[in-house]
Amino acid sequence: MTQNYLDLRAATEARDRSLRSKVMTLEKATEIVQDGDHIAIGGCTASRTPLAMIWALIRAKKNDLSISRSIVSTEGDLLFGSGICDHIITSWFSQGIVWGISKVMRSYTETKRAKFEEWSHMSLGLRYRAGAMGIPFMPTRAMMGSDVANQLENLREIECPFTGDKLLLVPALNPDVALIHVQRCDEYGNAQIDGLQFMDLDLAMAANKVILTTENIVSNDQIRRRPDQTKIPFLTVDAVVEVPYGAAPHECYGMYEPFFKHMDDYADLTKDDPDNGVAKYLDRYYYEPSNWPEYLSLLGVEQMLDATRRGRSIYDV
Amino acid sequence: MTQNYLDLRAATEARDRSLRSKVMTLEKATEIVQDGDHIAIGGCTASRTPLAMIWALIRAKKNDLSISRSIVSTEGDLLFGSGICDHIITSWFSQGIVWGISKVMRSYTETKRAKFEEWSHMSLGLRYRAGAMGIPFMPTRAMMGSDVANQLENLREIECPFTGDKLLLVPALNPDVALIHVQRCDEYGNAQIDGLQFMDLDLAMAANKVILTTENIVSNDQIRRRPDQTKIPFLTVDAVVEVPYGAAPHECYGMYEPFFKHMDDYADLTKDDPDNGVAKYLDRYYYEPSNWPEYLSLLGVEQMLDATRRGRSIYDV
Amino acid sequence: MMSEELPYSASEMLSVMSGRLLTDGQTVFAGVGIPLLAATLAQRIHGPGITILFEGGTLGPFVVPGELPASTNEQRCTRRANMLLSITDVLLLLQRGYVDVGFMGGAQIDRYGNLNSSFIGSPENPSVRLPGTGGGNDISSLTQMIVAIKHEKRRFVEKVDFVTSPGFLTGNSTRHDTGLISGGMYRVVTDLAIMGFDEMTKSMKVEALHPGVTAEEVRDNTGFDILIGKDVSVTKAPTDEELSVLRHLDPDRVYIA
Amino acid sequence: MMSEELPYSASEMLSVMSGRLLTDGQTVFAGVGIPLLAATLAQRIHGPGITILFEGGTLGPFVVPGELPASTNEQRCTRRANMLLSITDVLLLLQRGYVDVGFMGGAQIDRYGNLNSSFIGSPENPSVRLPGTGGGNDISSLTQMIVAIKHEKRRFVEKVDFVTSPGFLTGNSTRHDTGLISGGMYRVVTDLAIMGFDEMTKSMKVEALHPGVTAEEVRDNTGFDILIGKDVSVTKAPTDEELSVLRHLDPDRVYIA
């Protein structure tokens, strides 16, 4: 996974990084992802998960993807359950604390049909950051001595040449593609992200390609009025897809909170027979709808309104 | 300069990092700086230079300071000329391209009365960043092979244990005190910075102590309404001083541009006899005024209004 | 175990007892659930200057009673916060030394305070694959720790199946020798007692018993030979004020049930 | 040297000729002065998709005619920019490989394209202490370079007094061997000619002469034995359009005088 520096640069150089419109459909954007790619997913747990893009990738029946994300929630179940991915790199993997341990994750990993490769939260963040900075590793003082580190192959320990301190070096991670959902961006891919940023800025810079989904496409003029609010520069972006409620039933900061009832129902559905539960869920919500608005209709307008009311309340202070 | 990790932590632990008011006068804030300290200065060239704080430190007749800053402008002349500092670490040192080479810098360094220690711009930034991250060095692919690197003692080269690439390691820099000027912050030190950030965020995190000067103190309520706009957290801050026009005659983004006429006059004054020129300037603007408003009066209301009009124009787009 | 008639739940006991360990002015890295409740309780009762950090990237929030967040990574965590940072940057505050106490739970803990939240059984063929470390490994690698956990034999084991979050590893100086030169376990708080660690051997040691609990009871519910300090004290039962603040924070008893 | 009667200044010549070397869609790291003028000129004439970066932290600004910034670190640089970053982060774009061309000036350049902006004379006892590298060292370490500089013997020296910004060091593979595995000098543009570098030895070589300039003139104004390519071409004189765009950008002739 530690990419050769000159290969990384060559890949970047080969991209068209000029100021050009990158607006396309979800379906078209799936063509950017190749079978076998390593995909990094933006957001964290049930927040700003690029679910519309994941939905499209599952429908496009991609193969053999590996995935990394700071913390993985229900999208991990669906990636395993759909068969498009059998290897997830993350620090924590379950729907969320209130719903207990993911039965789907357990089922797939305990039967060894899929791999959950565990890194500490910060060390995964540092891997993206090293990738974003164009250096092959980042030193850290964490994770030493633990079985988390013992289980990983791609680590090195050194004695600091300045201080003599023992340090762990974690390797850079430059994903093939990063999927990031934002509140707004322009047609070129200049993105603003409100609220929690998670690891998304490093992700965008580290990745070889970036697909942005956005609640709303705004004018480049609006972006240029407050350039200090741009969090992801257009240079790094290869696709822009406008998808309202593109993180539903997860949360998008300031716009909607999680669709809690739907999340409860999902937990119930996958509790007793996780394999069949996730298959049923995929059929109903991923394969049967003919487009994203149909998917949203299945979530239901009532839940949309409720999640939106709660989402907007964060600014009522 | 590479601080022992446990000493660094002990110094941080010893500070009162609770949510408490840190508002004080410029004069009181000078007591935070000890003779012999290494001081990092925020902003860059003639932008957001914490000139009011530097003014107060020069008036307080500090001794034996060393200074680092991304790029040093007229404040470097004044630090040398006042005798409070004889060692400046930076990547570029002169008033600004349009005014040519600083005659004061030349005079002091060429006669070896003071040292200008030259690092590349990015490597100095990476030193602060390593300091901010609590790691003893940062690897980089720049500066190798140059005389800039050859002149520096505190560097190491390694072969990357992952890729075999040759890498340069630059040592962490944890300044004793950072001086940072911001557009607004609350009494606890939660700061918002508009426009160009320069290296200030890393500076605040790397330093052992932080003195903020601010155009305006705002309520903590206002800060908490948009926590994603806070750039420096109160935890890191030891003093908050409200000083309108605290960067004059330099610029403060969105509020005032440089006082160009004053900057031209300064260049003229120091052109032919830099030592006497800077001494005269210090007498007139630094030692004679009894307080900051008197200093501003000497700059003149007309120039203040002109600089302010130009400063505000950045948002007229 | 707690007798039935006590006027508070085990979770309330954990929250109160661990909250009391925090000092005013401290910066506390907290998980959701009991750690968050305990830190917020401490803020309201005796430590108004305590700052809470969440690994999702929140610095110094005000938690709204009745709107407790379900994870550290959602907007509810950010209400009236002083600052939002990236995940990596908020975790780096630990490495830079800005955090006084880390505060978490765990599935298993052993004699040397190592925590397991990854595997029950062998990592190769686990009987349960747990959700994993999250920020736990980073927090316990880089700062002083308080662990809140129910006191059960299956949780207090001789050796954890997997060291997710390092305590003192195999005791004595082994933590330091492995490169973890700062931080370490400070206290383990359960519904029965408060434990510390022997200064030399780093073996777990009872420091205080909760009202009505005997050393025997603690031994019976611990899967290893736990040290009992000579001057074991007895904690003060949760006060009405503490309980009422807790119940105000969590009116639906999501976490304190 | 330019003869007196030419309808453009040496600085205008440098700006036009170096601007022509940029290709549409490129990302260009530019200093203020001639580099900025050249890149902006290229945007207006043939490369609307060129993105300019300033080391102060600006990505993709629109420079306002008549309001040229005096440094890369002030608000004038940010007008209608797409994004503002920290200094360190904008420079890291070079290391990550997002920048196609770096564009700068310099006080001295030598046979292998090394630039000096630190010391005239020995670094121990310089006759002039220059302002230093700024971002120059980083840019030239990490990307392909265009240098715009006046063609004078005192500037084109056998060996620079101090390697501030590395070119090909001592030629052949020495740049690569020292660890600088990407980037390198691409072109040197002067008021007399356009130079490249020999593929093997990395010694400076004239690629094209400006209208009316002879190889002899270039040799006379160069302090080392400069290579003259066999197929040296002649550049096209600045067009009226190019000159009028330039003069519109810099109506006060701050940089083009």
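Here is how names work: the chains are called A, B, and so on, in the same order as the sequence lines, proteins then strands, and each is numbered from 1.
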Counterpart residues, salt bridge (Lys or Arg N to Asp or Glu O under 4.0 Å), relative to Arg310(A) (two or more places apart): Glu257(A), Asp306(A)

Heavy atoms of Phe198(A) and Ser86(C) approach each other most closely as O-CB, 3.1 Å

Nearest heavy atoms of Asp138(C) and Ala142(A), plus distance in Å: OD1-CB, 3.8 Å

Could you tell me whether a side-chain N or O of Gln95(C) sits under 3.5 Å from a main-chain N or O of Arg141(A), the two making a donor and an acceptor? yes

Could you tell me which portion of Thr140(A) (side chain, backbone, both or neither) has an atom closer than 4.5 angstrom to a non-hydrogen atom of chain C? both

Using non-hydrogen atoms and a 4.5 Å limit, figure out which bit of Val128(C) sits close to chain A: side chain, backbone, both or neither. both

Could you tell me which residues in residues 96-117 of chain C have at least one non-hydrogen atom under 4.5 Å from a non-hydrogen atom of chain A, sorted by residue number? none

Between Asn73(C) and Ser47(A), is there a side-chain donor-acceptor contact under 3.5 Å, judged purely by atom types and distance? no

When you measure from the side chain of Ser141(C) to the backbone of Met143(A), do you find a donor-acceptor pair of N or O atoms at a distance under 3.5 Å? yes

Indicate yes or no for a side-chain donor-acceptor contact from Glu110(A) to the backbone of Pro126(C) under 3.5 Å, with no hydrogens or angles considered. no

CD1 on Ile314(A) to CZ on Arg79(C), rounded to 0.5 Å: 4.5 Å

For Thr178(C) versus Gly145(A), what's the shortest heavy-atom pair and its separation? OG1-CA, 3.3 Å

Which pairs count as ring-ring contact (aromatic ring centres under 6.0 Å, His included) when at least one residue sits in residues 156-188 of chain C, sequence neighbours excluded? Phe119(C)-Phe162(C), His151(C)-Phe156(C), Phe168(C)-Phe197(C)

Check whether the side chains of Thr45(A) and Glu74(C) place a donor and an acceptor atom closer than 3.5 Å, and report yes or no. no

Can you tell me which portion of Ser127(C) sits under 4.5 Å from chain A's heavy atoms? Options are side chain, backbone, both or neither. backbone

Residue Ile139(C) versus chain A: region with a heavy atom under 4.5 Å: neither

When you check the side-chain N and O atoms of Tyr128(A) and Thr88(C), is any donor under 3.5 Å from an acceptor? no

For Glu118(A), enumerate each residue passing the salt bridge (Lys or Arg N to Asp or Glu O under 4.0 Å) test, keeping only those at least two apart in sequence or located in another chain. Arg129(C)

Whatever's closer than 4.5 Å to a heavy atom in chain C on Thr109(A) counts as side chain

With a 4.5 angstrom heavy-atom cut-off, which part of Leu94(C) approaches chain A: side chain, backbone, both or neither? neither

Okay, Leu84(C) and chain A: the region with an atom under 4.5 Å from a heavy atom over there is side chain

Please give me the minimum heavy-atom distance between Arg129(A) and Asp89(C), naming the atom from each residue. NH1-OD1, 2.9 Å

One should read off an interatomic distance between Ile87(C) CD1 and Leu124(A) CG, to the nearest 0.5 angstrom, of 9.0 Å

Between Val148(A) and Thr164(C), the two heavy atoms sitting closest are CG2-O, 3.5 Å

So for Ser313(A), is it side chain, backbone, both, or neither that comes closer than 4.5 Å to the heavy atoms of chain C? both

Let me know if Trp99(A) has heavy atoms under 4.5 Å from chain C in its side chain, its backbone, both or neither. neither

Residue part contacting chain C, namely of Ile97(A), when any heavy atom lies under 4.5 Å: both

Mind checking the CG-NZ spacing from Asn125(C) to Lys112(A)? Nearest 0.5 Å is all I need. 4.0 Å

Please step through side chain to side chain contact (heavy atoms under 4.5 Å, CB included) for the pair Val98(A) and Tyr255(C), ending with a clear verdict. CA-CA 9 Å; Val98(A) 290; Tyr255(C) 296 110; 3.8 Å; yes

